[in-house]
Trainee: 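Let me begin by handing over the structure; questions about it come next.
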Amino acid sequence: MGGNIMGITVEQTVVEDLHSQKWYKSWKIITLSLIALILAAVSYYQATHFNANSKINSIEVSGMTADQALKKLQTSVLTNEIYIGEQQIVDGKDTKMGFTTDDLSRVKKLLRDQWSFFPSFKEKDYTLMPDQQDPYRSQTLKNELEQKLTSMNQSLTAPVHAHASMVEGEIVVSKSVDGTQYDVASLMEEYEKHGYTSEIHLNPIYMLALKEDSESVKNEKQKLQDLLRLSVDYKVQDKVYTLSGSELIKNATISEDLQVSFDPSTIKSKITEINAAQSTLGKDFSFKTHSGSIISVKGQGYGWALDVEKETAQIQAAFEKGETSINASNINGNGWSGEGYGYETTTNNGIGDTYAEVSIAEQRIWLYKAGQLVLTTNVVTGKHSTGEDTSPGVWYILFKRTPYTLKGSAVGKSDYSVPVSYWAPFTNSGQGFHDAGWRTNWSSTAYLTGGSGGCINVSPSVMKSVYDNLSVYQPVVVY
């Protein structure tokens, strides 16, 4: 039983709908199959060919397979021209890239890594180094570049760094000035990082001047400030002088590794002042005689002084190294080798309590040990009538010998050679204590016309005791 709606039976409408649905399903299946085939083809192409705008070492490989790309790399040549900015500075020899079939797997890896389902038009330039590289580029050309940059810098202006220094006690910072010299080390680093392209283009990198507010300049200023705050305790004998950096250092410079150096002239003046006040070399000693009288006796062989130049250098080094105390250690005098004697002695006005006292007027000697008189005896000194007097002054025992042969000359006599049992000289000219067994006149006036050639003659019966109570470097006061 069918109805009739506007001349179309219900049965007819149903039949037409069924035919329409079958056609749609077939069309849909066909369409989806075609899309799948297209996508599969695109995917396969993408997996086996480089994307558009793809390069390896700046060589175009767009749309190529791995094999095709490798062949192009194998036939490509490196011109090895090096540019700094727009300027060509090295024209190297042409070399091949050096790729072989052993590098195919690495080209394929690049291909896999760049794969995308849909084609990409993004520009890419991959860097790929051959497995077996020609050392020309990594060694010869590199060395040529470094030599060229170094040579060019010789005619270019070096930067002037800001720098701290001390001028007349004030810390000042100089102005920095930029230069035109290349930063060779940085450019060589850029060369190492550069891709494996035919031409090598490096951006200019210049040596930069250290600016006034740089950390380096701040460190220099701090170092100089520390120098001004530093003081060195300088000990001379038993006295300590505090030397202040702010008072003694007026002009100073500082190196790149923060080592300070400065003009030591003010320190030298201070050491000269200390030396003048405290040294004994060439000065008059105040001496208390056996009788208690105070006399002045000039230092001759005995005495010491600071070596001002060496002490200045030592104190300068102490400031530069940051040391806070130092002892005087460069002492000179009238010793045979320029050495000074008496530096360690601070009592009895520098003579100490162990010494020999010789009175020409009394023709007598007194020997003291640790402040106590241990021996006194009459002697005969140098012959006065011929000007061969024993030399007044403060001397010291040079050495001791037993026995000994005296050799020399005397006024009115030819050269002589005389053996003695004991000998203790105290002047560089050869005056000293010795026994005189040949002497018969031991009176207190014998020295006036019958004295020695300058030595102090001692009776043989006493000389051993005199000798035993004399010690090397012991002061001898003759007046």
Side-chain angles (χ1 to χ4, degrees), residues 281-282 297-304 332-342 354-367 375-479:
L281 185 65
V297 186
K298 186 175 181 59
Q300 298 287 358
Y302 185 79
W304 64 271
N332 56 27
N334 290 329
W336 283 343
S337 299
E339 69 273 25
Y341 292 98
T354 298
Y355 56 90
E357 178 183 347
V358 181
S359 171
I360 294 176
E362 297 181 54
Q363 289 293 285
R364 195 167 188 86
I365 65 172
W366 296 262
L367 305 185
L375 187 150
T376 181
T377 185
N378 65 302
V379 295
V380 175
T381 61
K383 188 176 180 180
H384 180 68
S385 61
T386 55
E388 296 175 272
D389 302 89
T390 301
S391 301
V394 182
W395 308 91
Y396 68 94
I397 300 296
L398 301 174
F399 60 87
K400 296 169 61 178
R401 296 288 187 273
T402 178
Y404 194 78
T405 300
L406 301 176
K407 295 181 179 181
S409 61
V411 175
K413 298 179 181 179
S414 59
D415 292 348
Y416 63 83
S417 178
V418 180
V420 297
S421 297
Y422 301 96
W423 170 237
F426 55 80
T427 74
N428 291 350
S429 63
Q431 296 180 3
F433 298 93
H434 66 79
D435 50 294
W438 58 87
R439 175 171 293 282
T440 58
N441 184 1
W442 292 94
S443 70
S444 62
T445 58
Y447 79 101
L448 294 174
T449 58
S452 71
C455 288
I456 298 175
N457 288 175
V458 182
S459 172
S461 63
V462 184
M463 185 59 207
K464 183 180 186 307
S465 294
V466 171
Y467 185 86
D468 290 343
N469 283 288
L470 293 173
S471 56
V472 178
Y473 309 135
Q474 173 182 315
V476 178
V477 183
V478 181
Y479 61 91

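Quick note: residue numbers are just sequence positions, from 1. Only this structure's heavy atoms are used, side chains among them; waters, hydrogens and symmetry mates stay out.
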Trainee: What is the distance from atom CG of Asp435 to atom SG of Cys455, rounded to the nearest 0.5 Å?
Mentor: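 It is 11.0 Å, given to the nearest 0.5 Å.
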
Trainee: Any idea how Trp336 and Phe399 line up, ring-wise: parallel (<30°), tilted (30 to 60°), or perpendicular (>60°)?
Mentor: tilted

Trainee: Please report the interatomic distance OG(Ser459) to CZ(Arg439), rounded to the nearest 0.5 Å.
Mentor: 11.0 Å

Trainee: Of the non-hydrogen atoms in Gly437 and Pro460, which two are nearest, and what is the gap between them?
Mentor: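 Smallest interatomic distance, heavy atoms only, reads CA-CG, 3.6 Å.
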
Trainee: Report the C-alpha distance between Tyr341 and Glu339 in whole Å, list the side-chain angles of each, state the deciding distance to 0.1 Å, and finish with yes or no for side chain to side chain donor-acceptor pair (under 3.5 Å).
Mentor: CA-CA 7 Å; Tyr341 292 98; Glu339 69 273 25; 2.8 Å; yes

Trainee: With distance as the sole test, does Thr376 use its side chain to make a donor-acceptor pair with the main-chain N or O of Ile365 at under 3.5 Å?
Mentor: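 Side chain of Thr376 to backbone of Ile365: a pair is present.
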
Trainee: List the atom of Leu281, the atom of Asn334, and the distance in Å for their closest heavy-atom pair.
Mentor: CD1-ND2, 3.5 Å

Trainee: For residues Ser359 and Trp366, determine if any side-chain heavy atom of one lies less than 4.5 Å from a side-chain heavy atom of the other.
Mentor: yes

Trainee: Output all residues satisfying ring-ring contact (aromatic ring centres under 6.0 Å, His included) with Phe433, sequence neighbours left out; order by chain, then residue number.
Mentor: Phe426

Trainee: Does any part of the side chain of Thr377, heavy atoms only, come nearer than 4.5 Å to the side chain of Leu367, both counted from C-beta?
Mentor: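 Heavy-atom side-chain distance check fails, nothing below 4.5 Å.
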
Trainee: Evaluate the criterion side-chain contact (heavy atoms from CB on, under 4.5 Å) for residue pair Val297 and Val478; output intermediate values, then yes/no.
Mentor: CA-CA 8 Å; Val297 186; Val478 181; over 6 Å; no

Trainee: Can you tell me how far apart OH (Tyr302) and CD (Gln474) are? Round to the nearest 0.5 Å.
Mentor: 10.0 Å

Trainee: Measure the OG-CG distance between Ser337 and Asn332 for me, rounded to the nearest 0.5 Å.
Mentor: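 Result: 12.0 Å between the selected atoms.
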
Trainee: Looking at side-chain heavy atoms only, is the closest gap between Val418 and Trp438 below 4.5 Å?
Mentor: yes

Trainee: If I compare all heavy atoms of Ser443 with all of Val380, which pair ends up nearest, and what's the gap?
Mentor: O-CG2, 4.5 Å

Trainee: Side-chain contact test, heavy atoms from C-beta onward, threshold under 4.5 Å: evaluate it for Val466 versus Tyr422 and give yes or no.
Mentor: no

Trainee: Please report the closest heavy-atom contact between Pro475 and Thr354, naming both atoms and the distance.
Mentor: CD-O, 3.4 Å

Trainee: Counting distance only, does the side-chain N/O of Tyr467 pair as donor-acceptor with the main-chain N or O of Arg401 below 3.5 Å?
Mentor: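 Confirmed, Tyr467 side chain pairs with Arg401 backbone.
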
Trainee: Would you check if Thr381 and Gln363 make a side-chain contact, meaning some heavy-atom pair closer than 4.5 Å?
Mentor: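 Thr381 vs Gln363: side chains touch.
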
Trainee: Would you indicate whether the side-chain heavy atoms of Trp442 and Asn457 approach each other to under 4.5 Å?
Mentor: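 In contact.
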
Trainee: Work out which heavy atom in Gly382 is nearest to a heavy atom in Thr390; give both atom names and the distance.
Mentor: N-OG1, 3.0 Å

Trainee: Could you tell me the separation between the OH atom of Tyr396 and the OG1 atom of Thr427, rounded to the nearest 0.5 Å?
Mentor: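 Between Tyr396 OH and Thr427 OG1, I get 10.5 Å after rounding to 0.5 Å.
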
Trainee: Check Gln431 against Asp389 and note the closest heavy-atom contact, atom names and distance.
Mentor: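 In this case the closest contact between Gln431 and Asp389 is NE2-O, 3.6 Å.
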
Trainee: With rounding to the nearest 0.5 Å, note down the distance linking OG1 in Thr449 to NZ in Lys383.
Mentor: 7.0 Å

Trainee: Under a 4.5 Å cut-off applied to non-hydrogen side-chain atoms, are Gln300 and Val394 in contact?
Mentor: no

Trainee: Side chains of Lys407 and Asp415: closer than 4.5 Å at any heavy-atom pair?
Mentor: no

Trainee: Tell me, yes or no, whether the heavy-atom count around Tyr473 atom OH, taken from other residues, nucleotides or ligands under 6.0 Å, exceeds 12.
Mentor: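 It does not: Tyr473 OH has 12 such atoms or fewer within range.
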
Trainee: Show your reasoning for whether side-chain contact (heavy atoms from CB on, under 4.5 Å) applies to Ile456 and Val358.
Mentor: CA-CA 9 Å; Ile456 298 175; Val358 181; 3.7 Å; yes

